[in-house]
Participant: 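This structure is in structure tokens; I'll ask about it shortly.
Because the structure is a prediction, the values reported are computed rather than measured. Proteins come first, then strands; the chains are lettered A, B, ... in the order of their sequence lines, and each starts at number 1.
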Amino acid sequence: MSIPTKFVPSAVEDKWYKYWLENDFFKSTPDNRKPYTIVIPPPNVTGVLHMGHMMNNSLQDILIRRARMRGFNACWVPGTDHASIATEAKVVEKLKKKGILKKDLSRDEFLKHAWEWTDEYGGVILEQLKKIGCSCDWDRTKFTLDPEMSKSVITVFIDLYNKGLIYKGYRMVNWDPQAQTTLSDEEVIHKEKTGSLFYISYKVDGYDESLVIATTRPETILGDTAICVNPKDDRYKHLHGKNAIVPICGRSIPIILDEYVDVEFGTGCLKVTPAHDPNDKSLGEKHKLDFIDILNPDGSLNSFGLQYEGQDRFAVRKSIVKDMEGLGCLVKKENHTSKVGTSERTNAIIEPRVSEQWFLKMKNLAKPAIGAVLEANEVQLIPKKFKNTYRNWMENITDWNISRQLWWGHRIPVYYYGKNNDHYVVAESKEKALELAIIKFGNPNMLISELRQDADVLDTWFSSWLWPISVFDGINKPNNEEVNYYYPTQDLVTGPDILFFWVARMIMAGYAFRDKFPFSKVYLTGIVRDQKGRKMSKQLGNSPEALGLINEYGADAVRVGLMLSSAAGNDLLFDESLCKQGKNFTNKIWNAYRLIDSWNVDSKIDQPISSKDAILCFEHAFNKALETVDDHFEKYRMSDALMTVYKLIWDDFCSWLLEITKPDYGSSIDETSINQIKIQFQKILKLIHPFMPFISEEIWHIIKSRSKKESLVISSWPVQKKYSNSVLKNYDTLKQIVGSVRHFRKENSLKQKFPLSLFYYKTNSIKFTEVILRLAQLDKIEFSNKKIKEKGGVFRVGVNEFFIPLEIKIDSKKESIKINDELKHLEKFLGSIMNKLSNSRFVENAPNDVIELEMKKANDSREKIENLQSRLESLN
RNA sequence: GGGCGCUUAGCUCAGUUGGUUCAGAGCAUUUGGUUUACACCCAAAGGGUCGGGGGUUCGAAUCCCUCAGCGCCCACCA
């Protein structure tokens with residue numbers, strides 16, 4: 001059976017993925033092994049795979065595959081998120097294109113459309129994850145709107161309500177006029193925008209005088225119910241107790257006093273619009289002012305907007321300014337930049353608005369979650385720098401607005417009754433609600449039809465914060481075997497952008513509902529950016545199509561490309577050339593195996609010393625690399641781990657081991673060598689498998705074809721073995737000698753073999769001479785005690801000097817300049833060492849080994865200088 | 001306004017508690033090489049006064065101060 005010349009990823013990817021699934025390698029059930037669990041950050045159910053997902057999930061797959069090989073009961077739970085606002089927005093848009101408006105649909109009709117959409121596109125992204133090789137236990141796939149998942153959410157709501165942590169509050173919230181819902185503070189992104197600061201004059205009621213206020217939002221004057229000045233501000237003392245007239249609408253409003261007003265800013269007069277600004281709201285409550293809400297839910301003005309009614313807030317801003325200009329009450333206009341809140345989802349400019357919403361008290365929930373991360377270290381954030389960000393947010397946490405004026409999501413389990421919805425009960429079902437209502441209201445004849453469920457749904461994150469518990473049904477059945485076995489999970493891999501949205505809240509939920517942290521490590525990836533450092537996004541069109549990349553380079557190559565430069569927490573400037581590098585690496589591995597497979601084996605040949613030595617060197621290099629790789633994994637430095645394996649394969653295995661053991665053209669390899677090489681190859685396949693699952697599995701099966709078959713997926717990760725530093729040092733020396741000979745050849749345009757002599761200092765031998773002979777293409781290596789002063793080539797490796805007795809023309813002028821330069825350097829270096837050594841403070845303070853080292857450096861330098869000097873003499 | 005982080009080769013980044021031979025890697029570059037696994041390749045080479053300045057120390061890319069530039073998070077200044 002011959003191996004194809006080219007590795008064609010598409011030809012093997014589906015084959016092996018199917019094979020893995022058929023053999024249930026990714027399936028996990030509780031047993032007596034230690035579990036290693038990862039819950040996926042559930043992508044939006046209607047989402048499409050992008051670069052961020054690819055990186056994120058490749059990382060998780062690398063972790064879970066290695067854990068599986070290390071003998072853990074590895075369990076990676078996949079799933080999707082209903083993504084309330086995002087999905088609803090998409091459905092609304094899609095219906096709009098068909099000419100259907102949300103407002104014309106009933107809730108049930110709308111939800112039917114939403115489910116259709118979900119059934120059509122939901123799970124597409126999970127299929128895409130399979131393409132990149134993700135080894136999830138697909139039988140465990142969860143969706144946040146699944147019945148048990150929803151039940152968990154409702155149970156938790158009721159529980160928190162009964163504990164007094166959930167309350168209904170009439171408060172200022174963030175209103176998204178496009179999605180027409182409230183948002184949590186975290187969903188508001190503050191962006192710097194340039195606008196204008198308008199100075200508007202208000203007449204003082206009953207006096208021939210006016211005052212001037214400054215505002216960035218002139219349309220809100222229609223909602224003004226006071227003017228506020230600082231009581232200490234001498235400029236306005238004569239106005240205390242008077243009223244002012246709001247331009248346009250002519251309303252007379254009081255001039256109130258409060259220290260809140262900054263005397264320095266603007267004119268020192270502040271217009272107060274309690275219904276449209278959080279600070280004004282506090283002032284309004286403090287001074288018992290009227291609240292005038294001038295906006296409709298869609299951001300247009302309502303009847304308080306007078307002649308502007310029905311127009312959009314930004315249109316009104318323009319026309320009201322123009323109108324005031326006409327009335328002469330616009331004093332001036334200045335350029336002004338300020339941070340404007342925008343919706344994370346729709347990008348719409350947020351309106352602060354007072355309304356009645358459900359809130360969750362966070363302070364007490366946060367307490368154990370702060371301790372876990374900052375003191376007990378039960379949950380580690382990687383990289384550590386996020387600890388500060390976390391602390392800052394957690395210590396200043398505010399109550400969480402959990403209600404959304406949407407339909408797609410978990411409906412709030414609150415049932416109203418009474419004339420104006422003035423009573424309510426909280427229950428998991430209408431029937432249960434009726435029972436409670438009858439008890440509470442004392443009306444035994446109450447009918448179920450009198451109950452009206454709250455129209456709102458819960459924030460998406462109110463279900464995802466339970467994810468690590470609810471995927472094991474740990475809310476509904478707190479003592480089930482699964483949750484007891486898998487929870488707490490080990491690693492969570494996600495982006496830092498959802499540290500507050502999701503990670504922090506999961507930690508809080510973990511302590512609140514299971515009295516235990518949800519995961520012990522949080523690996524926060526960087527954000528994938530393009531070459532110009534811009535975040536990849538659909539709008540910018542700078543995101544390569546994920547599946548397109550896989551088709552072009554192969555899944556293994558893309559995974560390698562992503563891993564090569566993705567240190568935790570560092571943003572990754574994605575460059576397609578990294579995938580190219582990954583593809584080249586795939587090709588390299590493939591060809592290495594093709595080479596081995598092509599060799600004829602002759603059982604009668606003895607193993608050459610060079611092969612024996614080379615394999616010995618490789619084994620030690622392997623063990624050292626394994627130690628390094630394991631250490632990198634321990635520190636979650638996956639790109640470093642990959643680079644270590646990359647170099648082990650490319651350099652140590654291919655460039656050295658295979659080049660040394662490769663039989664001459666037409667000859668055969670001995671049986672011992674080929675067998676040992678194959679064993680080494682299998683070991684490196686294991687190391688590369690978590691990174692490149694497909695090609696490693698393909699070759700693994702080819703190697704194994706004559707013996708019993710077993711998947712690499714469930715093979716064992718190599719165990720660290722001792723390696724000898726002296727062997728590695730000799731190996732390194734041989735590489736340098738070979739390199740030097742090659743360099744010498746190139747410098748002198750030599751092609752033929754030639755004899756090489758070694759001039760020694762402290763040793764009369766070098767190791768692995770057979771190997772050197774072979775790779776450097778030399779006739780012989782001789783040792784000599786005497787300095788050889790013939791003309792010829794000379795080079796040094798460490799303190800050893802090598803001489804090549806060959807009649808070649810040497811440009812002695814050039815050579816002596818080179819030697820002199822080197823001498824200068826060495827002398828300067830020696831000088832600085834001698835300085836140190838003659839400094840009594842250094843000798844007294846520095847540890848012995850450092851001093852010894854310095855002395856050795858000095859001696860070595862002297863030897864080198866001596867060498868160079870005699871070389872210089874021989875030139876003249 | 002508060003907090004955090006970054007600045008090391010053309011690019012992307014390592015550099016662990018200051019000390020293992022005048023700073024490392026990958027990519028890119030230059031030069032030479034193709035009948036004998038791979039040009040998606042082999043071999044060799046070049047390339048950095050570690051952002052600027054000052055300080056601590058026997059010794060600083062590493063610690064401290066300061067200046068400059070960049071990035072992120074948080075915050076209600078109209």
Side-chain angles (χ1 to χ4, degrees), chain A residues 5-7 172 190 197 213-217 220 228 260-262 264-267 269-273 277-282 336 338-339 341 352 383 385-389 391-393 396 496 499-500 527 531 533 557 564-565 567 569-573 575 577-578 580-581 583-599 635 637 639-640 643 646-647 654-655 658-659 662-666 739-740 742-747 749 751 798-799 825-826 828-829 832-833 835-837 839-847 849-851 853-854 856-858 860-861 864:
Chain A
T5 321
K6 292 276 172 201
F7 175 72
M172 182 130 303
H190 294 273
L197 186 61
I213 57 95
T215 179
T216 51
R217 300 164 65 206
T220 62
C228 189
Y260 165 76
V261 177
D262 183 349
E264 304 293 318
F265 190 89
T267 58
C269 288
L270 174 72
K271 68 190 263 310
V272 185
T273 320
D277 183 277
N279 299 309
D280 292 11
K281 186 199 174 232
S282 335
H336 183 76
S338 59
K339 295 266 182 136
K385 66 178 177 190
F386 287 106
K387 270 176 128 175
N388 284 318
T389 318
R391 176 200 304 272
N392 190 275
W393 188 72
N396 298 298
L499 183 60
F500 306 138
I527 291 169
Q531 284 285 284
L564 277 177
S565 72
N570 276 359
D571 285 358
L572 159 62
L573 302 184
D575 182 348
S577 69
L578 292 170
K580 181 98 190 300
Q581 198 184 342
K583 193 182 171 191
N584 294 350
F585 186 42
T586 311
N587 181 256
K588 187 72 185 174
I589 298 173
W590 185 250
N591 280 294
Y593 191 70
R594 276 183 58 219
L595 175 66
I596 294 169
D597 195 70
S598 71
W599 290 338
K635 292 170 182 150
R637 300 169 66 141
S639 57
D640 291 335
M643 189 42 74
Y646 180 96
K647 284 192 275 192
C654 294
S655 297
L658 293 187
E659 288 303 326
K662 177 157 66 176
D664 292 330
Y665 186 59
S740 303
R742 285 169 174 168
H743 181 51
F744 178 81
R745 265 208 172 84
K746 194 188 170 193
E747 290 275 283
S749 309
K751 287 190 179 168
V799 295
H825 236 129
L826 276 168
K828 202 177 149 202
F829 180 58
S832 78
I833 296 168
N835 248 342
K836 268 191 209 175
L837 286 172
N839 184 327
S840 60
R841 291 212 274 180
F842 171 72
V843 181
E844 280 158 27
N845 293 322
D849 53 330
V850 173
I851 295 172
L853 183 74
E854 291 299 321
K856 186 169 183 312
K857 279 191 208 171
D860 289 352
S861 305
K864 282 185 195 168

Participant: Which whole-number value in Å describes the distance from A:H190 NE2 to B:G2 C1'?
Facilitator: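 My rounded result for the distance is 15 Å.
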Participant: Considering only side-chain heavy atoms of A:F500, which listed nucleotide, B:C74, B:C58, B:C4, is closest?
Facilitator: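 Nearest listed nucleotide: B:C74.
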Participant: Could you give the CZ-to-C1' distance, from A:R742 to B:A45, as a whole number of Å?
Facilitator: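 Going from CZ in A:R742 over to C1' in B:A45 covers 14 Å.
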Participant: Nearest whole Å is fine: how far is B:C22 P from A:E854 CD?
Facilitator: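 From A:E854 CD to B:C22 P: 11 Å.
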Participant: From the list B:A78, B:U20, B:A44, which nucleotide is the closest neighbour of the side chain of A:K746?
Facilitator: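 Of the options given, the side chain of A:K746 lies nearest B:A44.
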Participant: Scan A:D262 against the nucleic acid and name what it touches under 4.0 Å (heavy atoms): base, sugar-phosphate only, or nothing.
Facilitator: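 The answer is base, as A:D262 lies within the cut-off (heavy atoms under 4.0 Å) of a base atom.
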Participant: Run the side chain to side chain donor-acceptor pair (under 3.5 Å) test against A:T586 and tell me which residues pass, sequence neighbours left out.
Facilitator: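 For A:T586, no residue satisfies side chain to side chain donor-acceptor pair (under 3.5 Å) once neighbours in sequence are set aside.
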Participant: As a test of reading the structure: which of B:A78, B:C74, B:A14 is closest to the side chain of A:D640, going by heavy atoms?
Facilitator: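 Within the option list, the nearest is B:A14.
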Participant: Hey, is the main chain of A:R594 close enough, under 3.5 Å, to the side chain of A:N591 for a donor-acceptor pair?
Facilitator: no
Participant: Would you kindly give the CZ-to-P distance between A:R745 and B:A44, to the nearest whole Å?
Facilitator: 12 Å
Participant: Given the C1' atoms of B:G18 and B:C64, what is the spacing between them in whole Å?
Facilitator: 13 Å
Participant: Is there side-chain contact between A:I851 and A:F842, with heavy atoms separated by less than 4.5 Å?
Facilitator: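 Counting from C-beta outward, A:I851 and A:F842 do come under 4.5 Å.
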Participant: For B:G15 and A:R637 - does any side-chain N or O of the residue sit under 4.0 Å from the phosphate oxygens OP1/OP2?
Facilitator: yes
Participant: Do the side chain of A:N279 and the base of B:C76 come within less than 3.5 angstrom through a donor-acceptor pair of N or O atoms?
Facilitator: yes
Participant: Check every atom of B:C76, B:C58, B:A14 against the side chain of A:Y260 and return the nucleotide holding the closest atom.
Facilitator: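 Minimum distance to the A:Y260 side chain belongs to B:C76.
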Participant: Classify A:L853 by what it touches in the nucleic acid, base, sugar-phosphate, or nothing, heavy-atom distance under 4.0 Å.
Facilitator: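 Sugar-phosphate, backbone atoms only, no base.
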Participant: Which of parallel (below 30°), tilted (30 to 60°) and perpendicular (above 60°) describes A:F265 and A:H336?
Facilitator: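 Because their plane-to-plane angle is over 60°, the rings of A:F265 and A:H336 count as perpendicular.
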Participant: Let me know the distance between CD1 of A:I527 and P of B:C72, rounded to the nearest Å.
Facilitator: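 After rounding, the gap between these two atoms is 9 Å.
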Participant: What distance, rounded to whole Å, do you find between the two P atoms, one in B:U56 and one in B:G26?
Facilitator: 39 Å
Participant: Round to the nearest Å and state the distance from A:Q581 atom CD to B:A28 atom P.
Facilitator: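 A:Q581 atom CD is separated from B:A28 atom P by 7 Å.
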Participant: Determine the Euclidean distance between corresponding P atoms of B:G24 and B:G55; express it in Å to zero decimal places.
Facilitator: 28 Å
Participant: Using side-chain heavy atoms (C-beta onward) and a distance below 4.5 Å, is A:C228 in contact with A:Y260?
Facilitator: no
Participant: Check every strand shown and say whether A:V261 touches a base, only sugar-phosphate, or nothing at a heavy-atom separation below 4.0 Å.
Facilitator: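 Answer is base: heavy atoms of A:V261 come under 4.0 Å of a base.
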Participant: Given atom CD1 of A:I833 and atom C1' of B:G19, what is their separation to the nearest angstrom?
Facilitator: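 Those two atoms, CD1 and C1', are 12 Å apart.
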Participant: Can you confirm whether A:R391 sits close enough to A:F386 that some side-chain heavy atom of one is under 4.5 Å from a side-chain heavy atom of the other?
Facilitator: no
Participant: What integer number of Å spans the P atoms of B:A39 and B:U34?
Facilitator: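 Straight-line distance between the two P atoms is 14 Å.
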Participant: If we take the P atom in both B:G59 and B:G19, what is their distance in whole Å?
Facilitator: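 Looking at atom P only, B:G59 and B:G19 are 14 Å apart.
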Participant: From A:I589 CD1 over to A:N584 CG, what is the distance, rounded to the nearest 0.5 angstrom?
Facilitator: 11.5 Å
Participant: Quick one: on RNA chain B, does A:K339 or A:L564 contact a more 5' nucleotide (nearest heavy atom)?
Facilitator: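 Per heavy-atom nearest nucleotide, the more 5' residue is A:L564.
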Participant: Less than 4.5 Å apart, side chain to side chain, heavy atoms only: is that true for A:L270 and A:I213?
Facilitator: no
Participant: Using a distance-only criterion (donor-acceptor N/O pair, under 3.5 Å, no hydrogens), is the base of B:U20 paired with the side chain of A:K856?
Facilitator: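 Side chain to base: no pair below 3.5 Å.
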Participant: With heavy-atom distances below 4.5 Å as the criterion, would you say the side chains of A:L197 and A:T215 are in contact?
Facilitator: no
Participant: Using whole Å, what does the distance between atom C1' of nucleotide B:C77 and atom NZ of A:K281 come to?
Facilitator: 18 Å
Participant: Does A:N392 reach a base, just sugar-phosphate, or nothing at all? Heavy atoms under 4.0 Å.
Facilitator: sugar-phosphate
Participant: Can you check side chain to side chain donor-acceptor pair (under 3.5 Å) on A:N388 and A:N392, steps first, answer last?
Facilitator: CA-CA 6 Å; A:N388 284 318; A:N392 190 275; over 6 Å; no
Participant: Quick one: stems for RNA chain B, with Watson-Crick or G-U pairs under 3.5 Å, at least three in a row?
Facilitator: B:1-7 with B:68-74, B:10-13 with B:24-27, B:29-33 with B:41-45, B:51-55 with B:63-67
Participant: B:U8 and B:A43: how far apart are their C1' atoms, nearest whole angstrom?
Facilitator: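 That atom pair is separated by 29 Å.
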Participant: Without swapping roles, check the side chain of A:S749 against the backbone of A:R745 for a donor-acceptor pair under 3.5 Å.
Facilitator: no
Participant: Suppose you measure atom C1' in B:A9 against the same atom in B:G48; what distance do you get, rounded to whole Å?
Facilitator: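 So the two C1' atoms sit 5 Å from each other.
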Participant: Produce a footprint string for nucleotides 33-41 of chain B: one letter per nucleotide, 5' end first; B if the base is under 4.0 Å from any protein heavy atom, S if only the sugar-phosphate is, - if neither.
Facilitator: ---BBB-BS
Participant: Distance check, C1' atoms only: B:C27 and B:C65, in whole angstrom units.
Facilitator: 38 Å
Participant: Select one nucleotide: of B:C77, B:A44, B:A25, the one nearest the side-chain heavy atoms of A:M643.
Facilitator: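 Closest nucleotide to the A:M643 side chain: B:A25.
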Participant: Between A:K271 and A:T220, do the side chains contain a donor N or O and an acceptor N or O under 3.5 Å apart?
Facilitator: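 Present: a donor and an acceptor within the cut-off.
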